[in-house]
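What follows is one structure encoded as structure tokens, with my remarks underneath.
Chain A is the first sequence line, chain B the second, and so forth, proteins listed ahead of strands; every chain is numbered from 1.
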2 protein chains.
Amino acid sequence: MTGDVLRLTELPPLRRDQVIERLRNAIIAGHFRPGDRLIERELCERMGVSRTSIREALRHLEAEHLIQVEPRRGPVVSRVTRKQVAEIYEVRALLEAALVRRFAETASENDITELRRIYGDLRSARATGEVPRIVAQTTRFTEHMMGAIEHELIGDMLRKLAARISVVRTLAIAVPGRLEESGRELAVVMDAIERRDGELAARSLTTYVQNAGEAALRRFDENEQAESGGRSSSRSALLSTSKSGVARK
Amino acid sequence: MTGDVLRLTELPPLRRDQVIERLRNAIIAGHFRPGDRLIERELCERMGVSRTSIREALRHLEAEHLIQVEPRRGPVVSRVTRKQVAEIYEVRALLEAALVRRFAETASENDITELRRIYGDLRSARATGEVPRIVAQTTRFTEHMMGAIEHELIGDMLRKLAARISVVRTLAIAVPGRLEESGRELAVVMDAIERRDGELAARSLTTYVQNAGEAALRRFDENEQAESGGRSSSRSALLSTSKSGVARK
DNA sequence: TGCCGTCATCTTGTATGACAGCAGTCAAGA
DNA sequence: TCTTGACTGCTGTCATACAAGATGACGGCA
């Protein structure tokens with residue numbers, strides 16, 4: 001119905017969209033870090049496109065809150081404030097609870113089986129303690145549910161929120177003791193889903209996200225301290241000097 | 001804490017931001033209508049700015065989903081699908097419920113008094129049946145709560161969602177019988193707030209939004225029918241020819 | 001030694017001009 | 001009436017240019 005099967009090249013993808021995507025990924029992956037300035041010319045050279053495309057892409061990322069632009073100073077990778085972190089986790093809890101409730105209640109058996117499989121991978125990842133793998137599998141877990149319930153908006157919002165807290169989130173996973181705790185919480189969620197208990201799934205997932213949020217805030221505070229401590233050699237600092245060669249504030 | 005009080009001229013506002021604002025308002029106000037093409041040159045001339053600024057503004061609005069861009073065809077004021085309307089009302093219900101719950105539980109007495117005052121204005125507006133006034137007062141009502149609880153994120157999201165459904169929302173208000181029904185629902189909400197019953201406030205507001213959503217969907221369906229009926233003279237059609245002189249699909 | 005004002009330099013914000021190439025239109029032709 | 005091809009309209013990108021704010025270096029002064 002939509003999209004012609006015989007379509008040739010799908011049309012060359014727009015440069016600006018590619019730029020958006022790559023910059024977004026770079027930020028999420030932590031290649032650029034909060035506070036890094038994004039200098040247009042540099043980006044032009046690195047990506048081999050004109051300033052026009054770069055700037056248009058930047059406007060898009062700005063709207064997503066991934067970068068902030070102070071007039072005449074140019075774009076800077078967003079730093080999130082403590083309050084913002086708290087708010088994001090709060091809203092994420094709401095949306096994800098709605099997501100999981102609906103999934104538990106309406107997903108097909110296949111979707112649930114598949115989720116169980118992903119959950120298995122997630123557990124193995126968690127067992128290794130390798131943070132990047134854990135993040136990846138957790139994303140897959142959520143992403144699968146989003147795909148299944150076909151709620152464009154919730155999916156969209158959750159993805160955007162996740163992007164904004166990618167840094168803190170990564171740090172939060174490694175909070176001592178949190179991995180075990182969250183493991184138990186997730187088990188309850190998975191269990192509720194399999195029993196098709198949407199209400200319980202939603203409630204337990206809310207708890208999970210709330211606790212994750214608290215862990216994130218704890219990390220956040222530690223980081224603030226470390227920063228005001230001035231020991232800029234502290235490599236774990238959220239806002240430490242970028243390795244990407246980009247100027248900083 | 002944020003923003004320097006001593007700042008001189010606040011700096012001349014950026015052109016692109018002004019463009020964003022004006023276009024957004026124009027869309028929300030219905031001056032441009034869903035499906036209208038936004039032709040860059042035209043916008044340049046009308047607003048007296050260069051294509052550069054226009055295009056950057058468009059990228060921003062695109063990220064807000066207020067416009068959609070089909071590659072090489074350019075921007076078009078977003079048409080919302082039925083599904084999107086449903087999803088938006090769903091999420092709006094979630095967020096607004098959280099908002100009102102928190103307001104009921106934590107707002108100062110002054111804030112509540114003020115809300116009651118606004119509620120009074122809202123009631124008078126509703127009594128007249130003048131849709132634009134009703135919309136304005138309803139917005140004030142929500143906006144007041146958003147200001148009081150200081151939850152940037154929820155406020156931001158609700159505003160963006162509201163923008164996306166501004167057209168449908170306007171139509172929905174005039175659904176026969178809905179005005180009375182919603183009046184009663186709102187009364188319950190206001191009452192719950194004054195009694196500081198966050199739970200009840202949230203629940204009743206959820207009902208209110210859900211019903212509003214159903215009304216909106218009903219209107220939406222009527223519109224679709226009217227449209228496929230082909231009688232393009234039907235002036236109430238959601239997608240009728242724009243009066244703004246802008247080309248259409 | 002430490003603070004201040006000045007100047008050179010870097011960057012952004014915005015405007016212009018150009019141009020290739022997709023899209024939609026319309027008239028000529030079958 | 002349907003098909004084809006030429007024509008025109010716009011978008012997507014690039015290259016340039018330039019004023020003005022932001023930054024950083026430097027030398028003078030206390």
Hey, can you pull the donor-acceptor pairs under 3.5 Å for the side chains in residues 14-26 of chain A, sequence neighbours left out?
unit_1	atom_1	unit_2	atom_2	d
A:Arg24	NE	A:Glu64	OE1	3.1
A:Arg24	NH2	A:Glu64	OE2	2.7
A:Asn25	ND2	A:Glu21	O	3.3

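A:Glu222 has a carboxylate O that lies under 4.0 Å from a charged side-chain N of A:Arg219, or vice versa, which qualifies the two as a salt bridge.
For the side chain to side chain donor-acceptor pair (under 3.5 Å) condition, the pairs that include at least one residue of residues 152-164 of chain B, sequence neighbours left out, are A:His65-B:Asp156, B:Glu143-B:Arg159, B:Asp156-B:Lys160.
Of the possible donor and acceptor atoms, one in the side chain of B:Arg37 sits under 3.5 Å from a partner among the backbone N and O of B:Arg73. Between the side chain of A:Gln137 and the backbone N or O of A:Ala125 there is no donor-acceptor pair closer than 3.5 Å.
Here C:dT14 presents its C1' atom at 14 Å from CE of B:Met47, a figure rounded to the nearest Å. Atom pair A:Leu43:CG and C:dC10:C1' shows a separation of 15 Å (rounding to whole Å applied).
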Kindly give the atom pairs (protein nitrogen or oxygen, nucleotide nitrogen or oxygen) under 3.5 Å for nucleotides 11-15 of chain D.
unit_1	atom_1	unit_2	atom_2	d
D:dT11	OP1	B:Glu40	N	3.2
D:dG12	OP1	A:Arg16	NH2	3.3
D:dG12	OP2	B:Arg55	NH1	3.1
D:dG12	OP2	B:Arg55	NH2	3.4
D:dG12	N7	B:Arg51	NH2	2.8
D:dG12	O6	B:Arg51	NH1	3.3
D:dT13	OP1	A:Arg15	N	2.2
D:dT13	O4	B:Arg51	NH1	3.4
D:dC14	OP1	A:Arg15	NE	2.8
D:dC14	OP2	A:Ser50	N	2.9
D:dC14	OP2	A:Ser50	OG	2.5
D:dC14	OP2	A:Ser53	OG	2.8
D:dC14	O5'	A:Ser50	OG	3.4

